[in-house]
Asks: 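Here it is, the structure, as structure tokens.
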Amino acid sequence: MAESYNVREIEAKWQARWESEGLYRVDNDDSRPKAYVLCMYPYPSGAAHQGHVRNYTFGDLIVRYRTMRGEAVLSPFGFDSFGLPAENAAIKTGIHPRIFTDARIEELKESVKKLGAVYDWRREIKSHDPSYIKWSQFIFTKFFEAGLAYKKNAPVNWCPGCQTVLANEQVLADGTCERSGDLVVKRDLEQWFLATTRYADELLSELESLEWPERVKTMQRNWIGKSQGTRFKMQIAGSDGLFLEVFTTRPDTSFGMTYAVIAPEHPLVDLLTSDDYRDEVESFRTEAIDRSEIERQSIEVTTKVKRGVFTGSYAVNPFTNKEVPIYIADYVLMGYGTGAVMAVPGEDQRDYDFAQVYGLPVIRTVQPPDDFEGEAYTGQGTKINSDWLNGMEIDQAKEKATEFLVKAGIGESTVQYRLRDWLVSRQRYWGCPIPIVNCSDCGLVPVPLDQLPVLAPDDVEFLPTGESPLAIHPTFKYTSCPRCGKKAIRETDTMDTFVDSSWYFLRFCDPTADDAPFSKNAVAAWMPVDQYIGGIEHAILHLMYARFFTKALADLGFVPSNIREPFMRLFTQGMIRLGGSKMSKSKGNLVAPQKYFDSVGADSLRLFHLFVGPPADDFDWSDQTDDVIDGCFRFLNRVWRIALGSAESFPGVAIKMHDRETTSADLDMLRLTHRLIAKVSEDYERWSYNTAVAAMMEFTNSLYRYGGAGAQRETFDFAVDTLTKLLAPMAPHVTAEIWERRNGGLVHAEYWPVADPELIKLEKEILVIQVNGKVRDKVEVDPGIDEETAVAIALASPKVQQAIGGKQLKKTIVKLPKMISLVI
RNA sequence: GCCCGGGUGGUGGAAUGGUAGACACGGAGGACUCAAAAUCCUUUGCCCCCAAGGCGUGCGGGUUCGAAUCCCGCCCCGGGUACCA
């Protein structure tokens, strides 16, 4: 690759220009139609990797494209700069997380700029910045005052080695700690929660209104897990008013209940356990609670063996007034429903499995089909063995059974969600401190706004014990109560970093606001985000939390009430894989973009990411990938050469230019140009960048042939300038340089070209003639051809006549002007 | 197990019921050159010496004048999820 345009000089020049020109700085009162285009802000892990490159290439393309379409595009950038890697690095090296993080941010920012991606850097956000921490904490206190943030005892992942709580993601599949390798156990600890379940119904129903990938919506729906069912109470046999409440989605199967099961953590365990069984129950429960949830599941889900123990008590089935034994078993979870179930082995596979192990009876209450060979039957059918429900279909029986329970005053129809409240406490240093003080007189008191932000002290020690440096700091946690002034204890937990990323897109609208997290007007000006772009890995948590925040902040009056969803359109890009796994820093299989910036340039790398396949698809990086990137570079050089005609430095086809009357060749070229505008515009709209690039390559090849044969200057210039504009959002540096040299000014300040509808019409069509569904001939015809003429042409073809072989035509299907199908 | 995706030349991919393989990479051949690089041109799904023709979109059926595309049943690969009563 010797003879080519000067990549480094041109890219550096334009990156500097874009920063100084401010073309992509937008003010909140901009009068153009608004568009908010946002890539998920990154965790700063150092220089950008190919995943970032892909993400920001798509984002930047849209920003530049929509700007050329005359919109005011908000394109901000920021950093999700709190998080565990910086703290782990501190433990390893002793470098303070802030120093570490600031350095990584600079690296990332530099490589993002080298990519040529443009942002309104005036709006930059760092979530570890005190001005951001302040408002994260402010929002937390507002949530606390509204009852949306609360503290409760909860079973958490506890690592005995690290002496700390772990997030689910930090627990490996085998139930051990990712750092120490110790077996993680469940511990009950006082933790902070955000009441996401309060919005469960709205989080579910408003998914409908979003233009998101269907699979992301499905994942969220499953995560919320709404199920309609019935809750009812069963009297404990021989007790004085002791009841066990269960939740079921199948009240119709109640006559088939042969036992009941409660979770090992259920509050009634002690009361229900009779003396004869106490030892067994105790040992089972201790073991079950101590084992991690993951371990409990991995043993039992995979082997289908259910473990449990009889309590010695019986519950009275209100439908039959018969007593059924109550068991404790692992497979019932305290966190869902009432933590207790009626067991119907005839219609529930888990109950069936358990019943097999403990020799419990099975009663079918739905008639399975004759050929049914399974165990539990969960399909449709008629009720049997169910007294007054017999003969009904399942849906009707559900209604009747629930009615019965309601009338008896022991049950009601309810909705259950799988969604749990969000545990936000982290026993970490490098996160946003929870701004609450615990006073022995006043209880939990939020730190008032004028004392925010609560900042973690710098003079802390990072020890590999896993204990939070804040918890062992000599003074941080000792403070006074903001309400009564007495000595009080500060919270030493910090917030889950998903809290920071749940409102950053709002802050971008008003990044310097000093008397509020953001002004309502600024949010009204930009929100919701018109196009959000990021990885599929955030399909559930980040997107769910951000939606929750937006709704809660709207209800608290901070966000305009008409904005209840943050992201109208979401695009999830495919991931880059190398050697079978996702390319990432932690896997150590990165192919750094820098070497491409240094050789073929950012434009070629961007073009490669756009050209290589559909943006939503994963891409496998391979040995041949560099060749493809070189191919993109070759294409840009072809454009450069034909646009600037510098035959002295670039050998190739000599372009012959004429000032002349328009010939049919010129008109053909003009038509091709307008068709390119139409094709590329359409492809930009439907995220089909690979075909847009292909169309431009094809066009460039035509342009070379046209120029080589002798071009009309006017037509040629129009073709080249149009190509330059259409390519400008993809390869911004080289197109900017070409434009400046040819026309002066900024190509990115030009308007997006519009195709002339008259000129995109085809002059000729290829009429395909099929006989019995097989293509037998192709004829060039006028697009306005009438049916009679077309059929005549088809029948006149010797190839067609040969295929027909003199036989009678049974049917003729005509789809003009493309196809005629003859059936014999 | 369940829920999504996906399977097309040597490779990445194109084709929204109507010419399968656009565009590119790689390969082969040629031009230019003392030579090479770069550049340009030709060619490139498989069978067949060529042509004519035939065969071809994971496998087996089906709907249709016509299926990569729609339907049914399998196989394989990738991702998500994990006892949610």
Side-chain angles (χ1 to χ4, degrees), chain A residues 1-4 213-216 218-219 221-223 225-227 229 246-250 253 261 293-294 296-298 300-302 304 306 329-333 335-344 347-351 353-354 416-420 536-537 539-540 574-575 577 580 582 608 611-614 616-620 622-632 634-635 637-638 641 650-653 686 688 690-699 701 704 708 766-775 777-778 802 810-813 815 818-824:
Chain A
M1 291 279 158
E3 307 278 347
S4 60
E214 213 39 60
R215 72 174 167 145
V216 175
T218 303
M219 283 160 83
R221 271 186 210 109
N222 293 341
W223 188 260
K226 180 177 182 171
S227 58
V246 296
F247 172 76
T248 178
T249 55
R250 292 293 304 273
T253 64
V261 191
E293 211 163 274
I294 289 164
R296 271 156 76 174
Q297 285 160 8
S298 61
E300 293 172 14
V301 175
T302 52
K304 279 180 77 176
K306 306 254 178 277
D330 257 354
Y331 79 95
V332 172
L333 310 174
Y336 185 79
T338 61
V341 301
M342 65 168 193
V344 186
E347 277 88 32
D348 185 288
Q349 189 61 40
R350 296 156 303 186
D351 296 342
D353 295 339
F354 189 85
Q416 276 295 326
Y417 295 94
R418 203 194 84 113
L419 184 73
R420 316 264 175 97
I536 187 76
E537 66 272 22
I540 299 176
M575 61 179 181
R577 281 192 304 240
K582 181 184 173 170
F608 153 76
F611 178 60
V612 79
D617 288 5
D618 290 346
F619 175 76
D620 282 298
S622 76
D623 294 346
Q624 290 162 50
T625 299
D626 278 1
D627 284 337
V628 179
I629 298 171
D630 285 346
C632 291
R634 267 202 292 276
F635 166 65
N637 274 299
R638 275 170 72 75
R641 257 180 270 128
F650 296 101
V653 170
R686 65 184 183 121
S688 184
N690 52 334
T691 53
V693 175
M696 286 190 268
M697 287 173 166
E698 214 170 347
F699 180 79
N701 293 340
Y704 265 83
I766 304 291
L767 178 71
V768 173
I769 306 155
Q770 300 179 356
V771 178
N772 278 2
K774 291 196 184 205
V775 177
D777 205 1
K778 299 166 195 177
Q802 196 195 334
K810 281 189 195 147
K811 204 170 170 184
T812 307
I813 294 124
K815 288 275 158 78
K818 292 251 184 205
M819 199 255 346
I820 285 184
S821 183
L822 305 170
V823 187
I824 53 171

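Chain letters run A, B, ... following the sequence lines, proteins first, then strands; residues in each count from 1. Worth saying up front: this structure is predicted, and the values here are computed from it rather than measured. Only this structure's heavy atoms are used, side chains among them; waters, hydrogens and symmetry mates stay out.
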Asks: Between N701(A) and A24(B), is there a contact of a side-chain N or O with OP1 or OP2 at under 4.0 Å?
Replies: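 Yes.
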Asks: With both distances under 3.5 angstrom, what nucleotide forms a Watson-Crick or G-U wobble pair with G78(B)?
Replies: C4(B)
Asks: Report yes or no: does D351(A) contribute a side-chain atom to a donor-acceptor pair with the main-chain N or O of V344(A) at less than 3.5 Å?
Replies: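 Between the backbone of V344(A) and the side chain of D351(A) there is a qualifying donor-acceptor contact (under 3.5 Å).
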Asks: What are the two closest heavy atoms between Y336(A) and Y417(A), and how far apart are they?
Replies: CE1-O, 3.4 Å
Asks: Nearest to the side chain of V768(A), which nucleotide is it out of G10(B), U19(B), A14(B)?
Replies: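 So the side chain of V768(A) is nearest to U19(B).
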Asks: Looking at N772(A) and I824(A), would you say the former's side chain and the latter's main chain have a donor-acceptor pair under 3.5 Å?
Replies: yes
Asks: Quick one: which of C3(B), A24(B), A85(B) gets closest to the side chain of F611(A)?
Replies: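 Of C3(B), A24(B), A85(B), A24(B) is nearest to the side chain of F611(A).
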Asks: What's the gap between C2(B) and C83(B) when it is taken at their C1' atoms, as a whole Å value?
Replies: 12 Å
Asks: Below 3.5 Å, can you tabulate the donor-acceptor pairs from side chains in residues 690-699 of chain A to any protein atom, sequence neighbours excluded?
Replies:
residue: T691(A); atom: OG1; partner: D683(A); partner atom: OD2; Å: 2.9
residue: T691(A); atom: OG1; partner: S688(A); partner atom: O; Å: 2.9
residue: T691(A); atom: OG1; partner: S688(A); partner atom: OG; Å: 2.5

Asks: Which of the following nucleotides, C3(B), A24(B), C40(B), is nearest to the side chain of M697(A)?
Replies: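 When the side chain of M697(A) is considered, A24(B) is the closest of C3(B), A24(B), C40(B).
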Asks: Tell me which nucleotide, if any, is Watson-Crick or G-U wobble paired with A20(B) when both distances must be under 3.5 Å.
Replies: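 Pairing partner: none.
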Asks: Among the candidates C25(B), G12(B), A15(B), find the nucleotide nearest to the side-chain atoms of F619(A).
Replies: G12(B)
Asks: Using both distances under 3.5 Å as the test, list the Watson-Crick or G-U wobble partner of G45(B), or none.
Replies: C55(B)
Asks: Which whole-number value in Å describes the distance from K818(A) NZ to G17(B) P?
Replies: 14 Å
Asks: Going by the glycosidic torsion and a 90 degree boundary from 0, is the base of G6(B) oriented syn or anti?
Replies: anti
Asks: Taking the P atom in each of C70(B) and G6(B), what is the distance between them to the nearest angstrom?
Replies: 10 Å
Asks: Whom does G66(B) pair with, Watson-Crick or G-U wobble, provided both distances fall under 3.5 Å?
Replies: none
Asks: Counting only N and O atoms by type, is there a donor-acceptor contact under 3.5 Å from the side chain of D618(A) to the main-chain atoms of M575(A)?
Replies: yes
Asks: With rounding to whole Å, what would you report as the distance between A51(B) and U43(B) at their P atoms?
Replies: 13 Å
Asks: Considering only atom P, compute the distance from U57(B) to G62(B) and round it to an integer number of Å.
Replies: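 Rounded to whole Å, the distance is 16 Å.
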Asks: Could you give the distance separating G45(B) and A38(B) at their P atoms, to the nearest angstrom?
Replies: 25 Å
Asks: Side chain of Y704(A), backbone of R638(A): donor and acceptor closer than 3.5 Å?
Replies: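 At least one qualifying donor-acceptor pair exists.
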Asks: Using the P atoms only, state how far A24(B) lies from A31(B), rounded to an integer number of Å.
Replies: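 A31(B) and A24(B) have their P atoms separated by 23 Å.
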Asks: G26(B), OP1 or OP2 - any side-chain N/O from R634(A) closer than 4.0 Å?
Replies: yes
Asks: Assign each of R215(A) and A694(A) to its nearest nucleotide of RNA chain B by heavy atoms, then name whichever residue's nucleotide is nearer the 5' end.
Replies: R215(A)
Asks: Does S227(A) place a side-chain N or O at less than 4.0 Å from the phosphate oxygens OP1/OP2 of A85(B)?
Replies: yes
Asks: What is the base-pairing partner of C25(B), counting Watson-Crick and G-U wobble geometry with both distances under 3.5 Å?
Replies: G10(B)
Asks: Look at the side chain of R641(A) and decide which nucleotide, out of U16(B), U39(B), G80(B), has an atom nearest to it.
Replies: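 Among the listed nucleotides, the one closest to the side chain of R641(A) is U39(B).
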Asks: Distance check, P atoms only: A35(B) and A20(B), in whole angstrom units.
Replies: 45 Å
Asks: Which comes earlier along RNA chain B counting from the 5' end, the contact point of A340(A) or that of T691(A), where each point is its nearest nucleotide?
Replies: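 Here T691(A) is the residue nearer the 5' end.
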Asks: Name the pairing partner of C40(B), where a pair is Watson-Crick or G-U wobble with both distances under 3.5 Å, or state none.
Replies: G30(B)
Asks: Could you go over nucleotides 64-66 of chain B and give all protein N or O partners under 3.5 Å, atom names and distances?
Replies:
residue: C65(B); atom: OP1; partner: K811(A); partner atom: NZ; Å: 2.9
residue: C65(B); atom: O2; partner: S821(A); partner atom: OG; Å: 2.6

Asks: Check whether any side-chain N or O of R577(A) sits under 4.0 Å from OP1 or OP2 of G79(B), and answer yes or no.
Replies: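 So the side-chain polar atoms of R577(A) never come under 4.0 Å of the phosphate oxygens OP1 or OP2 of G79(B).
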Asks: Taking atom P in both A22(B) and U16(B), compute the distance separating them and give it to the nearest angstrom.
Replies: 15 Å
Asks: Which residues pass the ring pair (Phe, Tyr, Trp, His ring centres under 6.0 Å) test with F608(A), sequence neighbours left out?
Replies: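 Once residues adjacent in sequence are excluded, the partners of F608(A) under the ring pair (Phe, Tyr, Trp, His ring centres under 6.0 Å) criterion are F619(A), W621(A).
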Asks: Nearest whole angstrom, please: distance from the P of U11(B) to the CD1 of I629(A).
Replies: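 It works out to 20 Å between those atoms.
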